[in-house]
Amino acid sequence: CTAANLSRVGGRPQGCDSAFRSAVMAGSAMSVGLRGFIDELPEACRRELAQLHDRFKYTEDQLEAFMCNHGNKFTQELLPAFEKHLDEEQKKLMASAATPMNSGSGASKAAKAAKRKSLAMPSALGAALGLSVAPAAASVAAAAEEPAAKRPREEDDGGAAAVSAATSGETAVEEASAQGATPLAVEVLGDPKLWMGGPSGTYLWMDEALEDRAAERNARLLRWQRGLAEAMRARHPDLEDVVIGAVRAATQAEVVLCGRIVCESLEGKLNERSLLLEAPRADGDGLPPARIRLNTAGCKSIVAFPGQLVCVLGRAGTAGSVFHARDLVSGLPTASPSPVPPSAPTGDDSDLHMFVMAGPFCLRDGLDYSPLERAFELAAAARPQVIVLLGPLLDASNQRVASGEPGPTGDEAEGIETLEDIYTEVIIPLLQRSVASLRRRSARTQVFVVPSLEDVLCFHPLPQPPLDAMLRPTLGDQAVEQLRGVRFLPNPAHLRLGGVTVSLTSADALSPLLRSGLVLRPEERRLEAGLRALLQQRCLFPAAPRDPPQVAERRAAALDFPDGQVPELCIFPSQVGSPCATHIDGSAFVNPGSVCRPAALGSFAEIRVASSQRAGAEGTAKLLQDVLRVDIHKLS
């Protein structure tokens with residue numbers, strides 16, 4: 001551009017703009033965002049950047065990242081440095097592309113690095129943090145220009161979720177049947193739509209408003225109101241005419257109130273003097289729930305915690321601000337064991353033999369998974385029907401993980417640079433080897449994996465989809481398909497193993513009740529009272545506010561026991577007490593401990609249920625504690 005042919009249009013030299021556009025058209029077209037970005041730069045920079053774009057095909061994100069690392073302002077003096085940066089990035093990409101593919105994972109490190117960068121964070125956020133991004137391939141740039149297809153609604157994806165739930169882990173069953181072994185009949189209870197959805201098998205969860213969460217809890221209370229009132233009437237047969245009253249309505253007659261226990265203070269612990277009863281709201285009234293203070297001095301016994309659904313019998317004061325209760329029902333009563341049906345199998349094949357191993361599976365200061373290998377060796381020698389792994393497989397609280405530097409140390413395998421590499425290079429091959437060795441000894445053994453809220457790269461709240469569905473977008477189909485002999489379950493999972501109903505979760509279901517301030521009168525063992533409360537509430541996590549807080553309230557029905565039936569076995573690791581089995585009202589709670597404690601090896605559980613011996617005389621059923629054996633094995 002010379003001074004003779006410069007004619008200004010809107011304050012810009014038209015000749016230079018024409019030269020810039022010609023340079024752009026000579027190579028591949030710039031994106032609209034990059035073109036607008038360069039238009040704001042000085043004239044000389046625009047020409048040079050257009051030429052660099054012809055050579056390197058850089059993106060807007062690369063230019064922004066370079067500017068963040070060099071003072072957030074692009075000047076002509078930075079052009080040599082930018083050219084050098086692009087040249088180095090191109091050489092690295094070409095060198096990575098020439099590297100032979102890894103035979104173990106089936107993908108080159110360059111491909112994994114490009115995938116990690118695309119999944120780590122949005123490009124604009126990466127640029128704001130000063131993170132440079134490798135040049136994108138032409139196909140990726142073209143895909144970025146093309147608008148994404150409209151996402152189908154989750155309600156329309158139930159078919160995909162059902163198919164994924166039905167096919168997960170079927171390979172192991174088919175292999176066992178082909179070898180003549182009869183695997184244990186396993187049925188996943190509950191509605192798969194509660195923990196799955198969408199083509200990938202995972203649901204969307206970051207769209208719950210506070211009003212929606214409150215409405216879901218209120219709907220559960222409304223469903224429970226009739227059952228709680230019937231439980232109170234069953235306890236007092238002489239009060240058939242007692243009606244369900246209204247909160248804050250003064251009355252001299254005895255009434256029944258159903259509601260949720262809440263604490264008077266938002267931050268304090270619950271005690272007998274801070275009990276409030278929150279009544280359900282009428283559908284669609286939009287009003288906040290009414291609350292009334294509970295005076296429980298007239299009750300012979302109390303078991304209460306925040307979020308508990310209860311029924312109280314008594315009278316309201318003259319002002320209607322205090323309800324004087326003379327009895328409190330802490331939930332639905334637990335039923336006694338029912339007789340074994342005549343069609344139930346009676347041979348030895350109906351007996352249940354399972355191992356339960358809970359994570360973490362390596363010590364807190366390292367990533368050595370030899371304790372898990374040792375536990376698998378012991379399980380393979382025993383040849384159980386079922387092995388259950390409760391996450392986390394890769395613990396987020398591990399010091400190496402939390403530091404952001406999971407690279408190898410000492411004798412550990414090389415090639416581990418990221419969290420994804422730990423899955424693809426360590427965890428998945430270890431499970432693959434262990435399951436293959438297990439199959440050679442016992443073809444009928446089935447391996448189940450339940451995810452955890454502490455699993456790295458798993459971001460869903462409770463209920464969590466199966467682990468393979470959560471890891472597939474990050475690790476890819478090829479890595480996940482290597483574990484076709486493993487059946488992935490949601491968290492929590494409700495199963496029928498043979499003739500035994502089992503509820504499993506990797507989260508501690510007991511500690512939240514004790515932390516919230518469990519009110520007991522008369523005093524009894526808090527551990528047993530807390531476990532009984534889980535059965536009476538028909539839920540693994542009934543406390544409110546939610547603990548753990550990561551709960552998708554719209555799908556919280558997956559935390560309840562299916563069909564309101566109390567399971568015979570309830571298994572979860574807990575920090576309360578030592579690993580053991582506790583019998584409560586016909587059900588058994590098993591705390592297997594964790595395979596690895598922070599600084600020492602831990603334990604796992606071996607469970608046997610002699611179902612063939614449950615049928616007693618005259619069609620009666622033996623109690624579970626008479627046919628159940630739980631052994632806690634400590635690793636050394």
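What's counted below: heavy atoms across the whole structure, side chains too, no hydrogens, waters or symmetry copies. The structure presented is a predicted model; accordingly, all values stated were derived computationally and were not measured.
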Fill in: Verdict with reasoning, S506 to N491, per side-chain hydrogen bond (donor to acceptor under 3.5 Å, both in side chains)
CA-CA 7 Å; S506 57; N491 180 31; 3.2 Å; yes
Practice prompt. Kindly assign one of parallel, tilted or perpendicular to the pair F589 and F572, based on the angle between their ring planes and the thresholds 30° and 60°.
Written response: perpendicular
Practice prompt. Go through the steps to decide whether E606 and H353 satisfy the test side-chain hydrogen bond (donor to acceptor under 3.5 Å, both in side chains), and finish with yes or no.
Written response: CA-CA 8 Å; E606 180 180 8; H353 183 200; 2.7 Å; yes
Worksheet item: With no hydrogens and no angle check, is any side-chain donor or acceptor of Y369 less than 3.5 Å from a backbone partner on L393?
Response: yes
Worksheet, complete the sentence: One should read off an interatomic distance between L277 CG and R260 CZ, to the nearest 0.5 angstrom, of 10.0 Å
Item to complete: Hey, can you tell me if F561 and H494 have their rings parallel, tilted or perpendicular (30° and 60° cut-offs)?
Response: perpendicular
Worksheet entry | Over all atoms of both residues, closest heavy-atom pair of P573 and L390 | CD-CD1, 3.8 Å
Worksheet item: Closest approach of A379 and P384, non-hydrogen atoms and distance?
Response: O-CD, 3.0 Å
Discussion item. Restricting to ring pair (Phe, Tyr, Trp, His ring centres under 6.0 Å), what partner residues turn up for F448, sequence neighbours left out?
Written reply: none
Item to complete: Could you walk me through whether E377 and R374 pass the salt bridge (charged side-chain N to carboxylate O under 4.0 Å, His left out) test, one step at a time?
Response: CA-CA 5 Å; E377 292 174 359; R374 174 58 178 160; 3.6 Å; yes
Worksheet item: Are side-chain heavy atoms of L483 and F488 found at a separation under 4.5 Å?
Response: yes
Discussion item. Checking the side chain of S574 only, and the main-chain atoms of D508 only, is there a donor and an acceptor separated by less than 3.5 Å?
Written reply: no
Worksheet item: Does E373 reach the main-chain N or O of L430 with its side chain, forming a donor-acceptor pair under 3.5 Å?
Response: no
Worksheet entry | Residue pair P360 / N398, side-chain heavy-atom distance below 4.5 Å | no
Discussion item. Whether the side chain of D547 engages the backbone of P549 through a donor-acceptor N/O pair (distance < 3.5 Å, no angle test) should be reported.
Written reply: no
Fill in: D395 and V401: CA distance, side-chain angles, deciding distance, side chain to side chain contact (heavy atoms under 4.5 Å, CB included) verdict
CA-CA 8 Å; D395 188 10; V401 173; over 6 Å; no
Worksheet entry | R439 side chain vs T445 backbone, donor-acceptor pair below 3.5 Å | yes
Worksheet item: Counting only heavy atoms not in R433, do more than 12 fall under 6.0 Å of its CZ?
Response: yes
Worksheet item: Just by distance, do the side chain of Q625 and the backbone of H583 share a donor-acceptor pair under 3.5 Å?
Response: no
Worksheet entry | Under 3.5 Å: donor-acceptor pair, side chain of R546, backbone of F541 | yes
Worksheet item: Does some side-chain heavy atom of P579 sit less than 4.5 Å from a side-chain heavy atom of P592?
Response: no
Practice prompt. To the nearest 0.5 Å, tell me how far Q478 CD sits from T424 OG1.
Written response: 10.5 Å
Discussion item. If we ignore hydrogens and angles and just use 3.5 Å, is the side chain of S587 paired with the main-chain N or O of P567 as donor and acceptor?
Written reply: yes
Worksheet item: Given L228 and V310, is the side chain to side chain contact (heavy atoms under 4.5 Å, CB included) satisfied, shown in steps?
Response: CA-CA 7 Å; L228 289 171; V310 301; 5.8 Å; no
Worksheet item: Roughly how far, to the nearest 0.5 Å, is the CG atom of N218 from the CZ atom of R281?
Response: 5.0 Å
Practice prompt. Decide yes or no on side-chain hydrogen bond (donor to acceptor under 3.5 Å, both in side chains) for S452 and E454, but give the supporting numbers first.
Written response: CA-CA 5 Å; S452 168; E454 300 301 319; 5.9 Å; no
Worksheet item: Would you call L513 and P542 a side-chain contact if the rule is heavy atoms closer than 4.5 Å?
Response: yes
Worksheet, complete the sentence: In this structure, CG of L363 is separated from CG of L601 (nearest 0.5 Å) by 6.0 Å
Worksheet entry | Student check: side-chain heavy atoms of L489 and V388 closer than 4.5 Å | no
Practice prompt. Write down the atom of M470, the atom of P473, and the distance for their closest heavy-atom approach.
Written response: O-CD, 3.5 Å
Worksheet item: Hey, is the main chain of A479 close enough, under 3.5 Å, to the side chain of R472 for a donor-acceptor pair?
Response: no
Discussion item. For R226, is the CZ atom crowded, meaning more than 12 foreign heavy atoms sit under 6.0 Å from it?
Written reply: no
Practice prompt. Could you walk me through whether L431 and F376 pass side chain to side chain contact (heavy atoms under 4.5 Å, CB included), step by step?
Written response: CA-CA 9 Å; L431 291 177; F376 256 108; 4.1 Å; yes
Discussion item. I'd like to check L378 versus L635 (side-chain heavy atoms, cut-off strictly below 4.5 Å). Are they in contact?
Written reply: yes
Item to complete: May I ask you to decide if L332's main-chain N or O and R538's side chain share a donor-acceptor pair within less than 3.5 Å?
Response: yes
Worksheet entry | Within-4.5 Å side-chain heavy-atom neighbours: P466 and W195 | yes
Response to the item:
Between P280 and C258 the two heavy atoms that sit nearest each other are CD-O, 3.5 Å
Worksheet item: Is there side-chain contact between E420 and L475, with at least one heavy-atom pair below 4.5 Å?
Response: yes
Discussion item. If I compare all heavy atoms of P548 with all of L453, which pair ends up nearest, and what's the gap?
Written reply: CG-CD1, 3.8 Å
Worksheet item: What distance do I416 atom CD1 and L367 atom CG have between them, rounded to the nearest 0.5 Å?
Response: 7.0 Å
Practice prompt. Please round to the nearest 0.5 Å and tell me the distance separating atom NE2 of H460 and atom CG of L467.
Written response: 12.0 Å
Fill in: Closest heavy-atom pair and its distance - L540, A509
O-CB, 3.4 Å
Discussion item. Would D368 and R400 count as a salt bridge (charged side-chain N to carboxylate O under 4.0 Å, His left out) here? Give the steps.
Written reply: CA-CA 11 Å; D368 180 12; R400 292 269 296 281; over 6 Å; no
Worksheet entry | Side-chain ion pair, R554 and D212, N-O less than 4.0 Å | no
Fill in: Stepwise side chain to side chain contact (heavy atoms under 4.5 Å, CB included) test for I584 and L534
CA-CA 10 Å; I584 302 291; L534 297 181; over 6 Å; no
